[in-house]
There are 2 protein chains.
Amino acid sequence: MGLRERKKHQTRQALIDAGTRLFLDQGYEATTVDQIAAAVEISPRTFFRYFGSKEDLALDFTVDYAERVTGALAARPPDEPPFTALAHAFRAYVHSMEADTAESAERFVRHRRVIEANPGLLCTSIARMIEIEKRLTAEIARRQGTDPGTDPRPRLLVAFVTSAVRVGMECSVDGEAYLDDLVTSVENALCLAEAALRPGWDQFSLGSSGQVATNASSPG
Amino acid sequence: MGLRERKKHQTRQALIDAGTRLFLDQGYEATTVDQIAAAVEISPRTFFRYFGSKEDLALDFTVDYAERVTGALAARPPDEPPFTALAHAFRAYVHSMEADTAESAERFVRHRRVIEANPGLLCTSIARMIEIEKRLTAEIARRQGTDPGTDPRPRLLVAFVTSAVRVGMECSVDGEAYLDDLVTSVENALCLAEAALRPGWDQFSLGSSGQVATNASSPG
DNA sequence: TTGTCAGATGTCACGCTCTGCCATAAATTA
DNA sequence: TAATTTATGGCAGAGCGTGACATCTGACAA
């Protein structure tokens, strides 16, 4: 890796760290791009060569998130039931945060705190989840051998799991053992989701309970 | 209602209509606030006294959405199972669009087309759903007699249903009978969700299957 | 009718985000 | 070292959004 690339990587990381720190100190909205650029000693113009927007910097970690989760799903054994595979993929992600460098874990916690302190950012991060959902859906559909364009079941299954993860993250309270709490909370939500689903529903090839036109009786 | 209020209402409606039309004609991003203001013959400054942002105008209908759905849920019989009540609340909303004035229905369709043409807007509208989810969760928790602060089950249930509705809306294709397709698609997704859930899970008071710490076996 | 008052509108000025353009500086390669 | 590629900086400008102040207009009472 040449000097050029190394420098770019350093600048980029410095921008993320400086930005995150400023967001935590004085708030996301109150922090201007000029301030972040000044903190890293680059021109404001150059900032936008590294990030398309201030929001892009704040939500940069979602890119890594997407890759880790989709990667984890791809790594699950092909014969694993879809729900189990998805749940394990998300578990792998939150646990990878724990297993990671202390520095990396702190960064993650800081990111979480930033977006939790800003409803707008939180909304956008959830919205970005939709992109990830699409990729997960494609993989689930592939595994189950259905067409994601016409069969809504893979979408629904993925949406259920991501909802559970989101609820789990929402429930996690901000305290000392932030990461531990988050992992526990997500785990609880996933277990709850597992208990809420009808056994076998996620395996579309089994039985006929999943027919689109089925008018199943109320589960309640 | 005095002249003053009537004028305000007219201006507001004119802004929504002019904005929507411009968004459809030349795109959301390509439309400036100045253009919308000019179309209604008000100053750009006044625009921001009616809407906090350009996005607020584009997503104004979500306010009505929230009120109709939460209102519909509140109107469901208290002894109805939570899932059924939620599903009916959303059904009531999409059907209310059909039953409404032709003018009102057209407006709804135009709004949908605008946000569907703009991924950013679509994401934001979904993110705004979170606010609605909170209100629905509170109502479900109240019905089930649990504390929404500590028990994640109401959140999870609500998230499942809203996910199903969202997937249904995504699946609906843009064509001649837009509204009909949308209603059918949402109905399908809700039926699918119903079939996916374990019967009785949504009634927390029954059985013990919903214990937070439960380690239920995989549904798959 | 008239005067008063609250509220709506317009004007001006400003800060912030983000982009295009072009010149310059730095790193890479020959 | 020279030539090429690429990153950076500075500048100008569009667009969004806000505060402050003056003005205009319904509302309402004397």
Side-chain angles (χ1 to χ4, degrees), chain A residues 1-16 18-23 25-60 114-115 117-121 123-125 127-128, chain B residues 1-16 18-23 25-60 114-115 117-121 123-125 127-128:
Chain A
M1 195 198 272
L3 172 58
R4 205 166 227 157
E5 271 189 279
R6 251 180 300 148
K7 270 196 168 182
K8 272 187 75 172
H9 185 262
Q10 280 173 14
T11 304
R12 186 184 167 77
Q13 212 51 51
L15 281 172
I16 292 177
T20 306
R21 211 158 292 278
L22 284 168
F23 294 157
D25 281 359
Q26 53 187 33
Y28 171 75
E29 308 241 325
T31 303
T32 67
V33 171
D34 286 25
Q35 287 177 338
I36 304 173
V40 185
E41 293 182 299
I42 62 168
S43 78
R45 184 64 187 87
T46 301
F47 173 94
F48 290 106
R49 294 213 173 85
Y50 281 89
F51 297 96
S53 65
K54 193 170 82 168
E55 206 173 44
D56 271 0
L57 186 152
L59 299 179
D60 179 72
V114 167
I115 71 165
N118 291 83
L121 277 184
C123 282
T124 310
S125 74
R128 292 201 175 186
Chain B
M1 197 200 270
L3 172 57
R4 202 166 226 157
E5 271 188 278
R6 251 179 299 147
K7 271 197 168 181
K8 270 187 74 171
H9 185 263
Q10 280 173 14
T11 303
R12 187 185 166 78
Q13 213 51 52
L15 280 170
I16 293 178
T20 306
R21 212 158 290 277
L22 284 168
F23 294 158
D25 281 359
Q26 53 186 37
Y28 172 73
E29 308 239 326
T31 303
T32 67
V33 171
D34 286 23
Q35 287 177 338
I36 304 173
V40 185
E41 293 182 299
I42 62 169
S43 78
R45 183 66 185 87
T46 300
F47 173 94
F48 290 106
R49 293 208 174 89
Y50 280 90
F51 297 96
S53 64
K54 194 171 81 168
E55 205 173 45
D56 271 359
L57 185 152
L59 299 179
D60 179 71
V114 167
I115 70 165
N118 290 83
L121 277 184
C123 284
T124 309
S125 74
R128 288 201 179 187

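Note that this is a predicted model, so its numbers are computed, not measured. Chain letters run A, B, ... following the sequence lines, proteins first, then strands; residues in each count from 1.
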Would you indicate, yes or no, if [N] has its OP1 or OP2 atom less than 4.0 angstrom from a side-chain nitrogen or oxygen of [X]?
| X | N | result |
| --- | --- | --- |
| Y50(B) | dA8(C) | no |
| K7(B) | dA8(C) | no |
| T32(A) | dC16(C) | no |
| T46(A) | dT8(D) | no |
| K54(B) | dG17(D) | no |

Residue mapping more 5' on DNA chain D - nearest nucleotide basis, G2(B) or F51(B): F51(B)
Residue met sooner reading DNA chain D from 5', once G52(B) and T11(A) are mapped to nucleotides: T11(A)
Has the side chain of [X] got a donor or acceptor that lies under 3.5 Å from a partner of the other kind on the base of [N]?
| X | N | result |
| --- | --- | --- |
| R4(A) | dA26(C) | yes |
| R45(A) | dT8(D) | no |
| R49(B) | dG17(D) | no |

Neighbour count above 12 (heavy atom, 6.0 Å) for R128(B) CZ: yes
Gap between atoms [atom1] and [atom2], on [X] and [N] respectively (whole Å):
| X | N | atom1 | atom2 | answer |
| --- | --- | --- | --- | --- |
| Q10(B) | dA8(C) | CD | P | 15 Å |
| L57(A) | dT17(C) | CG | P | 12 Å |
| H9(B) | dG26(D) | NE2 | P | 18 Å |
| L15(B) | dA8(C) | CG | C1' | 14 Å |
| E41(A) | dG9(D) | CD | P | 10 Å |
| M1(B) | dG7(C) | CE | C1' | 16 Å |
| F48(A) | dC11(D) | CZ | P | 17 Å |
| I42(B) | dT25(D) | CD1 | P | 16 Å |

Nucleotide nearest L3(B) (side chain, heavy atoms from C-beta), chosen from dG10(D), dA27(C), dG26(D):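 It is dG26(D).
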Among dT28(C), dT18(D), dC18(C), the nucleotide that comes nearest once only the side chain of S53(A) is considered: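 When the side chain of S53(A) is considered, dC18(C) is the closest of dT28(C), dT18(D), dC18(C).
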Side-chain heavy-atom pair V33(B), F51(B) within 4.5 angstrom cut-off: no
Nearest atoms (heavy-atom pairs only) where Q35(B) meets Q26(B):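 Closest pair (atom of Q35(B), atom of Q26(B), distance): OE1-NE2, 2.5 Å.
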Shortest non-hydrogen separation from Y28(A) to K54(A) and the atoms involved: O-NZ, 3.1 Å
Distance, nearest 0.5 Å, that separates CZ of F23(A) from CG of N118(A):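 So the CZ of F23(A) and the CG of N118(A) are separated by 8.5 Å.
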Straight-line distance of T11(B) OG1 to Y50(B) OH, nearest 0.5 Å: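 Atom-to-atom, T11(B):OG1 and Y50(B):OH are 4.0 Å apart.
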Sugar-phosphate only, base, or nothing, as touched by F47(A) at under 4.0 Å among non-hydrogen atoms: nothing
